There are 2 protein chains.
Amino acid sequence: MANNVRLPLFASAAEAVPSPTAQTVTPSMREGSHVTEAVAPGQAQGAATARDDERDDAMMQVGDLAREAGKTVRAIHLYEELQLLRPAARSKGRYRLYGREALVRIRWIGKLQDMGFSLTDIQTIVRDWEESSSAPRTMVKMRELYAKKLEETQAHLRKMQMLEHDLRASLDYLDTCEVCDPARLLTACTSCDLHDCQSHVPDLIAGFRAN
Amino acid sequence: MANNVRLPLFASAAEAVPSPTAQTVTPSMREGSHVTEAVAPGQAQGAATARDDERDDAMMQVGDLAREAGKTVRAIHLYEELQLLRPAARSKGRYRLYGREALVRIRWIGKLQDMGFSLTDIQTIVRDWEESSSAPRTMVKMRELYAKKLEETQAHLRKMQMLEHDLRASLDYLDTCEVCDPARLLTACTSCDLHDCQSHVPDLIAGFRAN
DNA sequence: GGTAACCCTTACCCTAACGTAAGGGTTTGA
DNA sequence: TCAAACCCTTACGTTAGGGTAAGGGTTACC
């Protein structure tokens, strides 16, 4: 489970506000379609199949899911290819159909990615889960994973906080420059004495001319 | 300057503890070598050329610099190719030679990367700096850049803190699993009532079975 | 029954930041 | 004067997470 990789920072597209161009965003498919329910292997079978069509669990097709999850259809296809996500069913014409848990799943994937798990890492997690032969043992395993990730996350937070501090220091430093004569060149900066903490120029400033 | 890209999280190799296999880490090159000083264009020329060989500013070659900066030689070559870093001089045999400012520069690059700037972004920054015709105007420009990045960084921090929270919640939740009977299967979890906050299973847990 | 808006599968494309290898000089210490 | 340890340039390889396009069905609605 490869660590030491650059992590996501400004990526995940939150919730994706439904674009105003799609006024008639119908759930695309009426309830009465012929549908082949994909019974999850090894799961309780005849549980609750027919009696749950009260709310908004009308089965989405992939485009709807993508919109709601703030992902692209391609991404969802990819997750499926990697066995991270399975459509709950297929329509007569082989359209993928999803229930609301798919949203939970996709958000879960997104959060894991944001924490720095690669899709390959997530594949491993999913496989481990599916091959589980003992609930508590699997849970403890997952706990360890999360515990480790928590530490990494905290380390990352500390690092980012230092960067935040560096940025603030630089902004402070640069504030002074506004009173400088626009005719001056950068070469004059070395002998500038306008800045408060003369002694140590912030790293993010020093880097500019260290070449 | 492309925003919305996944940011580095656990990447940069800090300071790279000099590996114990390299006991004889000599600065590799005696002082008296024939060296062509690369006079930075447009910089003060006959400033301090001969009278600064007291300390440890003996000119490093690329391997030394790499070690001290915790980067690979390849990375340094790349930075040079992208015009982000220039060797202070070359030896007679065309070896790159660097002073200590190169370290400042590399660390600067690293911090910018960690904040989410791509090398291409940094290229732009460097170009802007080098083409500057007014110190304060350039400084203000850089300030704006940093100000924007500070906001992004803060947003990222908030996000990561939420993830940290999610992780903690999951760890709490999973604590309970240790008292479970190892013979139980995951399918039994749906009817488990051992967890404290029964009502909402944490996202990072719910995701496991939402498939 | 026609058509716009979706969806399906397959498959090649793309970028960033290096990694790695090849073929050949350079330095330095024994 | 020789070898180990560096370094140089050039250039192709790699990985992750999708993007995009092609060719061809499906659905829903009029």
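Because the structure is predicted, anything quoted here is derived from the model rather than measured. Note on naming: letters A, B, ... go to the chains in the order of the sequence lines (proteins, then strands), and numbering restarts at 1 for each one.
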Quickly work out the [X] [atom1] to [N] [atom2] distance and round it to whole Å.
{"X": "Asp64(B)", "N": "dC7(D)", "atom1": "CG", "atom2": "P", "answer": "7 Å"}
{"X": "Ile76(B)", "N": "dC8(D)", "atom1": "CD1", "atom2": "C1'", "answer": "14 Å"}
{"X": "Leu78(A)", "N": "dT10(C)", "atom1": "CG", "atom2": "C1'", "answer": "14 Å"}
{"X": "Asp114(A)", "N": "dG17(D)", "atom1": "CG", "atom2": "P", "answer": "12 Å"}
{"X": "Arg67(B)", "N": "dA5(D)", "atom1": "CZ", "atom2": "P", "answer": "13 Å"}
{"X": "Leu84(B)", "N": "dA16(C)", "atom1": "CG", "atom2": "C1'", "answer": "13 Å"}
{"X": "Arg96(A)", "N": "dT27(D)", "atom1": "CZ", "atom2": "P", "answer": "14 Å"}
{"X": "Leu65(A)", "N": "dC7(C)", "atom1": "CG", "atom2": "P", "answer": "10 Å"}

**Message:** Need to verify one output field. Residue with the more 5' nearest nucleotide on DNA chain D, Arg94(A) or Thr72(A)?
**Reply:**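 Checking each residue's closest nucleotide, the 5'-ward one belongs to Thr72(A).
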Flag the pair [X] and [Y] as a salt bridge only when some basic side-chain nitrogen lies within less than 4.0 angstrom of an acidic carboxylate oxygen.
{"X": "Glu80(B)", "Y": "Arg96(B)", "answer": "yes"}
{"X": "Lys149(B)", "Y": "Glu152(B)", "answer": "yes"}
{"X": "Lys111(B)", "Y": "Asp166(A)", "answer": "yes"}

**Residue Leu119(A), side-chain heavy atoms: nucleotide from dT27(C), dG17(D), dC8(C) that is nearest** =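 Comparing dT27(C), dG17(D), dC8(C) against the side chain of Leu119(A), the answer is dG17(D).
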**Request:** Report the nucleotide, chosen from dA16(D), dC8(C), dG18(D), that has the shortest atom-to-atom distance to any side-chain atom of Thr120(A).
**Result:**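 Comparing dA16(D), dC8(C), dG18(D) against the side chain of Thr120(A), the answer is dA16(D).
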**Item:** Gln154(A) side chain to Glu164(B) side chain, donor-acceptor N/O pair below 3.5 angstrom
**Value:**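 Result is yes, a qualifying pair exists.
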Are [X] and [N] close enough that a side-chain N or O sits under 4.0 Å from OP1 or OP2?
{"X": "His77(A)", "N": "dT9(C)", "result": "no"}
{"X": "Arg90(A)", "N": "dT9(C)", "result": "yes"}
{"X": "Gln61(A)", "N": "dC6(C)", "result": "no"}
{"X": "Gln113(A)", "N": "dG18(D)", "result": "yes"}
{"X": "Ser91(B)", "N": "dC7(D)", "result": "no"}

**Message:** Once you apply a heavy-atom cut-off of 4.0 Å, does Arg74(B) come out as touching a base, just sugar-phosphate, or nothing?
**Reply:**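 It contacts base atoms.
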**Request:** Scan Asp64(B), Leu65(B), Leu97(B) and name whichever one has a side-chain contact (heavy atoms from CB on, under 4.5 Å) with Met59(B).
**Result:**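 Running side-chain contact (heavy atoms from CB on, under 4.5 Å) over Asp64(B), Leu65(B), Leu97(B) with Met59(B) returns exactly one hit, Leu97(B).
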**Message:** Using only modelled atom types and a 3.5 angstrom limit, is any donor from either the side chain of Tyr95(B) or the base of dC8(D) paired with an acceptor on the other?
**Reply:**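 When only heavy-atom distances are counted, Tyr95(B) does not reach the base of dC8(D) through any donor-acceptor pair under 3.5 Å.
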**Message:** Would the base of dG17(D) count as contacting Tyr79(A) through its side chain, where contact means a donor and an acceptor less than 3.5 Å apart?
**Reply:**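 Under the 3.5 Å cut-off, the side chain and the base do not form any donor-acceptor pair.
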